[in-house]
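Notes for the one structure printed next.
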Amino acid sequence: MDELAAVEQLKQGDIAGLEILVQLHQIRALRAVFLITQDYALAEDIVQSSFVRAFERIHQLDPDRPFGPWFLRSVVNDALKASARGARLFSLDRLAGTFDGWRSGTVLDGRLDHAIEQSVEAAETRAEIRAALAKLTVQQRTAVVARYYLQLNEAETAEIMGCARGTVKWYLHHARRQLKTLLHPL
Amino acid sequence: MPNSQTRITLLDEFARDHVPYDVDLWPEIAATLSTRRRPPYTRLDRGQLWRIAVVATALLLSIIVLPPTRQTIADTIQHFGIVETNSTTVRIGPPAPGATAVSVPVPMYSLEEAQKRVPYPIPQPSWIPAGFRLRGVFVGHDDVVTVSYVSDDWQVKVNSGAFGFSVHPGTEPSLGGTAIPSTAIRHVTVNGAPAIYAQGAWEHQPDGITWHGDADAVRVAWAADGFTYDLSGSKTDLGRDGLIRIAESIHP
């Protein structure tokens, strides 16, 4: 069954149509959200919720438009919102560790975490990419993922992010500059 | 500088490493839908909409008009980044497929260097206990700053004390946060402002984490001057009064 037929089935209230759409789009959506949130569990929650919402709002999808871009816009927008809400706390967790993290935290007491330090020193390209992405703001990361991973154009990226095209350009400009420095050895 | 194609490849490879191709979200989605499934075209009639509007308005008015109601809701959600939990033991299951633990190193700056990186004056305490000194300042995303203090014997004694505080602009409640058992939480004030205080720490066990209320770890979180603060210390002998004394001396 193709996507169009699955959407039509779903619009008739047949949940089997959604299963087809999940199989078609879940991996790309999960990967895009993971790149933005850097959190696999959160990415799963977001994508699952987005599929459930797609089920509930499928009648809003224009019959002439494909499901994929419509769904991915919703997913990326949810990831942006979730990251913006959670970034502050994630940052706090990373900086301060858990409640007893002043002693055992990876950052605040480097002496106790030699293994982690060594693993960081030994980190290869993937870890460097993760670190580089983590240093971007949520907005910059979302713009990078939308433009370079999902390969949306600037107008589409701006629509997802709820900002002007010029703002997207600005995010991308700063992200590229940051990544240029961070990934230079690559 | 990586060109456009390189960026796509790098992102794709990175994402593939962490999200395997055989992930299947459908069972979870189907389970969710089975509990809340309704026809996509379900629409509320005018009578139902009116009833919902009346109930919502009454609820809103009760929040606005009745201070106890407002306070209860505020107590529930506004814990300055601290989330109450009813449990003192948390079991940790296996990691999600494809998930890996990666430590992101965060650079530490001097106070002067950190100040150049955030658009607000970094608050500092006017009082810290004798025997402690500023170690450095971490600057995270969204202008979150963590100021770290250590005991003078930090370099030579592994079991030395440390404290520090995180601060970020804004006082709006956020989702998530550091979990602390509700039995450990005490409502206190910092310069007259509501604050959350707790003593204890989570300790890691083979199958999860358990809260130890007698651990020498204290924490206080509050909002003031348009900032949200989270001050904690361990092995400091500060106690509640000492910690709050530091908290009350912190100002932008």
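This is a predicted model, so every value here is computed, not measured.
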Quiz item: Checking Leu30(A) against chain B: side chain, backbone, both or neither under 4.5 Å from a heavy atom?
Solution: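 Leu30(A) touches chain B through backbone and side-chain heavy atoms alike.
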N/O donor to acceptor pairs below 3.5 angstrom from side-chain atoms of residues 163-175 of chain A, sequence neighbours left out:
residue	atom	partner	partner atom	Å
Trp170(A)	NE1	His174(A)	NE2	3.1
His174(A)	ND1	Arg177(A)	NH2	3.3

Practice problem: For Glu19(A), look at atom CD and say whether over 12 heavy atoms of other residues, nucleotides or ligands are found less than 6.0 Å away. | Solution: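 Enclosed: over 12 neighbouring heavy atoms sit under 6.0 Å from CD of Glu19(A).
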Quiz prompt | Gln26(A) side-chain N/O to Leu25(B) backbone N/O, donor-acceptor pair under 3.5 Å | solution = yes
Exercise. Working to the nearest 0.5 Å, report the span between CH2 of Trp26(B) and CG of Leu21(A).
Key: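 Reported value, rounded in 0.5 Å steps: 9.0 Å.
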Exercise. Under 4.5 Å heavy-atom distance to chain A, tell me which part of Asp24(B) shows up: side chain, backbone, both or neither.
Key: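 Contact with chain A involves both backbone and side-chain atoms of Asp24(B).
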Quiz item: Which residues satisfy the salt bridge (Lys or Arg N to Asp or Glu O under 4.0 Å) test with Arg117(B), sequence neighbours excluded?
Solution: none
